[in-house]
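Both counts, for ligands and for their atoms, begin at 1 and track the order of listing. All values below were derived from every heavy atom in this structure, side-chain atoms included, with hydrogens, water molecules and symmetry-related copies excluded.
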Amino acid sequence: MNSFRQPPCECSPLFLLPFSLKTLRVAQDRDSENSILRLVIFGKPGAGKGTLTSRLVKKYDIVSLSTGDLLRQHIADRTQVGLEAEEIVAQGNLLPDELMLKIVASKLDALRTKNWVLDGFPRTVGQGELLDAHLKKQGTPLSLVVNLNVPDSVILNRISDRFVHLPSGRVYNASFNPPQVAGFDDETGEPLTKRPDDNPEIFARRLKQFYASTAPLIEYYASQAQKPTRIPVPAQRVQHPHQLAFPRRHALQLETVSGTTSDEIWPKLDALVRNTYPKLKERTETIRRHSLSDAVISQERHGCGGGMQQSRGR
Ligand code: AP5
Ligand code: MG
């Protein structure tokens, strides 16, 4: 009998090899899935979310998405979303959950294999549930939530000194982090502006809104962190009809980082990210445009459609 026609015996290395290769491949896929950073940076208005996100993106191969920056650009560009958002943002209130998910979801879908950080989303338990359901469907669950714990008294003093570069979301502070030339962005030389929601009355409303709607998210994530879930392999990743696709075990990590200044907080956040995601690559060049929000808006402005590019003008 022709031995090549026979299936290999179970004790033969020929029998074992394809299986072990497949197992190795699955193990590698799982390993690389688990080494992707999908981070929500969470904190009160003025806690330093934008400042710390910028530092992460500047140092590591991470893309950021700030819903506040996105909305401000929509408002500046007079888009449909911008027209709807203008009054709500100016008053320090929140936009509807479904609208926010729509704005964020399409951007995240293009980032399946990337490390990313979300600043300003989710902001309600409803948004947290919508985001979880969406990411689970894609097989790309959140990996880390960082809660920035900064006292209210510290925050209130910062806001009056804040100036922003609208197109990039870069944040300056007259005393803590002043621009090289007063009133102008370090990277582009373009003028800085004051946010219309950065006055004491509106800021107090944003803080109240935070305690009422956003703070309960921490309880939500704390309960998620305690019960690891199984993430099904999305249909598009199953390459063969007979391929067995076992759900992956996943546990969210929730960490609180406390401090009164971002300089105190940054080394803690940096160490947390570096130790938890040792494979995260550091950037070798300085980038100017560093947020996904500015890249997305810049594309929409130039009519490039739904795609995106990262770090234009490196
Ligand atoms: P958004 O832009 O996200 O505002 P926010 O959450 O209120 O947070 P901020 O951007 O004010 O603060 P931050 O934590 O980024 O702090 P920063 O780094 O700038 O949202 C704006 C609006 O959009 C919302 O009010 C809402 O209407 C709408 N919106 C957005 N997302 C939404 C959503 N998901 N659902 C519904 N509506 C949504 O730092 C603050 C200041 O402190 C700066 O001046 C900074 O330089 C300074 N600073 C930072 N570190 C230090 C330090 N170590 N020492 C001194 N000063 C420091
Ligand atoms: Mg911000």
Those residues that, when tested against Ser223, pass side chain to side chain contact (heavy atoms under 4.5 Å, CB included) (two or more places apart) =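 Ser223 satisfies side chain to side chain contact (heavy atoms under 4.5 Å, CB included) with no other residue.
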For ligand 1, which atoms have a heavy atom of Thr51 less than 4.0 angstrom away?
->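 Listed by number with element: 17 (P), 18 (O), 39 (O), 45 (C), 49 (C).
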Ligand 1 atoms in contact with Arg72 (distance to a heavy atom under 4.0 Å) |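 This gives 2 (O), 21 (C) as the contact atoms.
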Shortest reach to atom 7 (O) of ligand 1 by a heavy atom, considering only Arg162, Glu87, Arg206 =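 Closest candidate by heavy-atom distance is Arg206.
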Per atom 54 (N) of ligand 1, closest listed option by heavy atom (Phe121, Phe163, Phe42, Phe176) |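 Ranked by closest heavy atom to atom 54 (N) of ligand 1, first place is Phe176.
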What pair of heavy atoms forms the shortest contact from Val145 to Phe42, and how long is it?
->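 In terms of heavy atoms, the two residues are closest at CG1-CB, 4.4 Å.
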Where do Leu37 and Asn115 come nearest, in terms of heavy atoms and distance?
->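 Residues Leu37 and Asn115, closest heavy atoms: N-OD1, 2.9 Å.
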Could an N or O of ligand 1 be found under 3.5 Å from any N or O of [X], whether backbone or side chain?
X      : value
Gly50  : yes
Asp197 : no
Gly46  : yes
Gly92  : no

Does a donor on one side chain sit under 3.5 Å from an acceptor on the other, for Asp152 and Tyr211?
->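 Yes, Tyr211 and Asp152 have a side-chain donor paired with an acceptor closer than 3.5 Å.
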Can Lys136 and Asp132 be counted as an ion pair, charged N to O under 4.0 angstrom?
->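 Here Lys136 does not pair with Asp132 in a salt bridge, since their nearest N and O are not under 4.0 Å apart.
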Taking non-hydrogen atoms only, is [X] closer than 4.0 angstrom to ligand 1 via side chain, backbone, both or neither?
X      : value
Leu94  : both
Asn177 : neither
Phe210 : neither
Lys44  : backbone

Restricting to pairs with a member in residues 81-98, which pass salt bridge (Lys or Arg N to Asp or Glu O under 4.0 Å), not counting sequence neighbours?
->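 Qualifying pairs, neighbours excluded: Arg78-Glu86.
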